[in-house]
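Inspection log for the structure reproduced underneath, given as structure tokens.
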Number of protein chains: 2
Amino acid sequence: MAMQAAGTDRPATIHDIAAICGVAASTVSRALSTPDRVNIRTRARIEAAAAELNYTPNSQAKALSSGRTGAVGVLVPDITNPFYFDLIRGTQLQLKAAGYTQLLVDTEESDEVEASTMEQLRKSADGIIVAASRLSDESLLASAAKIPMVTINRDVAGVPAVVIDTPSATTQALDHLISLGHTRIAYMAGPLTSQSSTLRWTALAAAAEDRGVEVRRLGPFAPKTQSGAAAADAAVHSGVTACIAFNDLIAIGMLQRLRERGIRVPADMSVVGCDDIFGADFCNPPLTTMASPIEQAGRVAVSMLLAQLNPLAGGGSRSRSLMPTHLTVRGSTGAAPVAL
Amino acid sequence: MAMQAAGTDRPATIHDIAAICGVAASTVSRALSTPDRVNIRTRARIEAAAAELNYTPNSQAKALSSGRTGAVGVLVPDITNPFYFDLIRGTQLQLKAAGYTQLLVDTEESDEVEASTMEQLRKSADGIIVAASRLSDESLLASAAKIPMVTINRDVAGVPAVVIDTPSATTQALDHLISLGHTRIAYMAGPLTSQSSTLRWTALAAAAEDRGVEVRRLGPFAPKTQSGAAAADAAVHSGVTACIAFNDLIAIGMLQRLRERGIRVPADMSVVGCDDIFGADFCNPPLTTMASPIEQAGRVAVSMLLAQLNPLAGGGSRSRSLMPTHLTVRGSTGAAPVAL
DNA sequence: CAACCGATGACAACCGATTGCCAAACGATT
DNA sequence: AATCGTTTGGCAATCGGTTGTCATCGGTTG
């Protein structure tokens with residue numbers, strides 16, 4: 001709102017302010033960061049000058065001397081996977097609200113890129129949030145020892161985590177399919193290094209055994225729509241009447257392939273996805289899927305990380321947060337075809 | 001590959017290396033950044049020590065003293081818009097290849113957030129890439145004077161830009177619709193502050209006049225699928241038989257709404273989108289849309305920015321880059337309904 | 001043999017902030 | 001008026017590098 005004089009070309013520093021107010025630079029620093037340490041009158045002068053000069057602290061310098069960078073790294077395996085859209089937005093919003101900057105990195109589904117990124121971030125970030133890590137438990141633990149970390153969808157003892165409870169949703173999905181009369185069901189697995197995929201399969205297999213139906217595991221398939229073609233063919237070939245895919249990308253890809261092959265969904269084959277990503281509601285047919293509060297998961301992860309960074313007296317920070325999920329039924333699931 | 005001794009808890013600095021090699025810290029700095037300035041033998045010793053200590057330079061310190069941060073800000077209006085995901089991936093890949101870090105910021109379609117972010121980035125980034133800026137020409141120019149900048153889909157004299165040539169694609173879309181017999185066509189406009197939307201409309205209106213068909217402008221509509229409902233209703237109400245939407249999100253939203261209302265696509269209404277985002281190929285019906293090389297646009301933007309940052313003798317950097325587009329015809333367009 | 005030269009490496013200032021420590025100033029108490 | 005405690009603000013070191021300047025050294029040239 002202040003009438004801003006044409007700024008000099010160089011951003012103002014605390015020294016500029018100090019010169020104007022006739023105080024030492026350290027006093028300016030104190031006035032701005034430890035207001036109680038300085039007389040209220042000088043503080044007012046300094047604040048006025050700061051506003052006048054449109055002063056903003058240099059984050060590099062601040063980072064160098066204080067040791068904290070005000071940045072948080074967010075690592076995702078594949079930035080073009082819509083699942084991460086909402087996650088990233090969640091982290092971004094929450095980080096910005098807390099005055100932090102988000103360093104987004106696409107690790108390209110590679111454990112090496114992930115590891116080297118972490119090493120680099122160790123100096124340029126105060127903490128990191130790692131979604132769907134492809135690293136081994138040991139590597140993850142080792143990294144977590146060096147820099148505050150929160151994982152998402154990756155549960156390792158000793159590392160705070162936000163876990164989206166898709167495993168329990170698979171049970172809902174299974175019951176949904178069973179209620180529709182399906183008895184031969186397949187699980188289209190995700191990457192072998194994905195803990196989520198493993199957990200979903202474990203939960204699903206247990207529930208299947210419990211209910212006395214057959215669920216076979218097919219794959220692994222890369223979490224991309226392109227893999228859906230192979231997944232669809234594998235499902236058809238295996239003779240199942242319904243499948244639960246590791247995620248929506250694979251499921252959507254399957255839908256496309258099944259359509260190409262003239263296999264009707266859900267009349268001939270039911271498909272269940274996971275995550276309820278962008279597109280799950282408008283694909284053809286709309287996808288029955290396990291919906292997760294993804295953006296919220298991102299926010300929670302940030303909160304947990306910040307709690308770790310600024311251990312306030314108030315709240316002991318949780319080290320684990322389980323996000324509830326539920327099955328969203330749409331058009332891709334239906335009654336099992338009548339046996340011939 | 002080196003047998004890494006258990007690292008000390010604190011990352012190594014050039015002083016550590018200097019101590020080991022018995023040289024001054026400045027020599028270490030030169031050996032690493034200006035290899036020619038130092039004897040090849042000492043350089044070798046220093047490099048060996050650096051490798052041994054697993055040394056990585058502290059980016060904050062480097063930034064502070066050298067004035068360059070090694071980071072580039074990427075501003076997008078809405079991080080959850082799939083259009084930007086390919087863009088972000090393009091910038092991310094190219095930046096990483098050049099050794100830069102990407103600072104991704106979602107400006108929430110707000111000019112204020114955009115402006116304040118730029119001001120902040122001015123100190124913590126070497127340059128910025130602004131996609132679909134919502135700022136005025138003046139503000140943009142003013143900011144570009146303070147920090148190297150490349151815009152995407154925003155053409156302002158004096159600011160290097162990557163422009164995806166969707167306006168000319170609208171002509172293709174129009175001809176496509178005309179060839180199908182449509183004569184009453186609508187353009188579903190995007191945000192008023194979106195230059196892309198304006199340019200598309202201008203090109204479309206000109207082409208329409210040239211061809212003697214009627215194209216009316218409806219909207220504006222927010223670039224989200226939710227806005228598609230209003231857009232669909234507006235289109236139906238206006239009595240057109242085909243529409244060209246500002247982008248795929250609106251188009252996909254329209255598809256959903258039209259389906260709800262029992263209006264068949266393309267039998268009763270043809271719909272053309274723009275961008276060919278994730279989902280355009282598997283919505284129902286698949287969307288005819290103007291495809292853009294989005295990821296490539298991101299890469300080009302980065303290249304242009306880096307050329308600006310490191311003005312090599314070799315190539316004069318282009319200040320404008322036009323990315324070609326083409327119409328991808330799918331199922332959402334068809335022959336005009338027979339007039340009653 | 002003296003003058004000269006390029007290569008090499010050390011010194012020190014600096015980037016912009018933070019922070020421990022100390023001293024001046026001030027008011028209050030006895 | 002002397003003492004004491006508390007504010008308040010300055011000095012200077014520090015973070016980890018970069019870079020301008022200068023001294024030194026070995027070798028070459030006239």
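In the text below, chain A, chain B and the rest are named by the order of the sequence lines, each starting its count at 1.
Taking every side-chain heavy atom of A:V23 into account, D:dG10 is the closest of D:dG17, C:dT18, D:dG10. Checking D:dG17, C:dT8, C:dG16 against the side-chain heavy atoms of A:H15 singles out C:dG16 as nearest. When distances run from any side-chain atom of B:N39 to the nucleotides C:dG9, C:dG20, D:dG17, the shortest one goes to C:dG9. Side-chain proximity of B:I14 to the nucleotides C:dC21, D:dT18, D:dT21 is greatest for D:dT18. When distances are taken from the side chain of A:R37 to each of D:dT8, C:dG16, D:dG17, the shortest belongs to D:dT8. The side chain of A:S26 has D:dC11 as its nearest neighbour among D:dC15, D:dG17, D:dC11. Of the candidates C:dC11, D:dG10, C:dA17, D:dG10 carries the atom nearest the A:T27 side chain, counting heavy atoms from C-beta on. Listed nucleotides C:dT19, D:dG16, D:dG9 differ in distance to B:S65; the shortest reach to its side chain belongs to D:dG16.
Taking the side chain as every heavy atom from C-beta outward, A:N58 and A:T13 never approach each other to under 4.5 Å.
Taking the nucleotide of DNA chain D with the nearest heavy atom to each of A:A25 and B:T34, the more 5' of the two is matched to A:A25.
Partner assigned to D:dT8 is C:dA23, using Watson-Crick or G-U wobble distances below 3.5 angstrom. Here D:dT29 sits opposite C:dA2 as a Watson-Crick or G-U wobble pair (both hydrogen-bonding atom distances under 3.5 Å).
In this structure, A:D36 does not pair ionically with A:R30, as no charged nitrogen and carboxylate oxygen lie closer than 4.0 Å.
There is a side-chain donor-acceptor pair under 3.5 Å between B:Q94 and B:S303.
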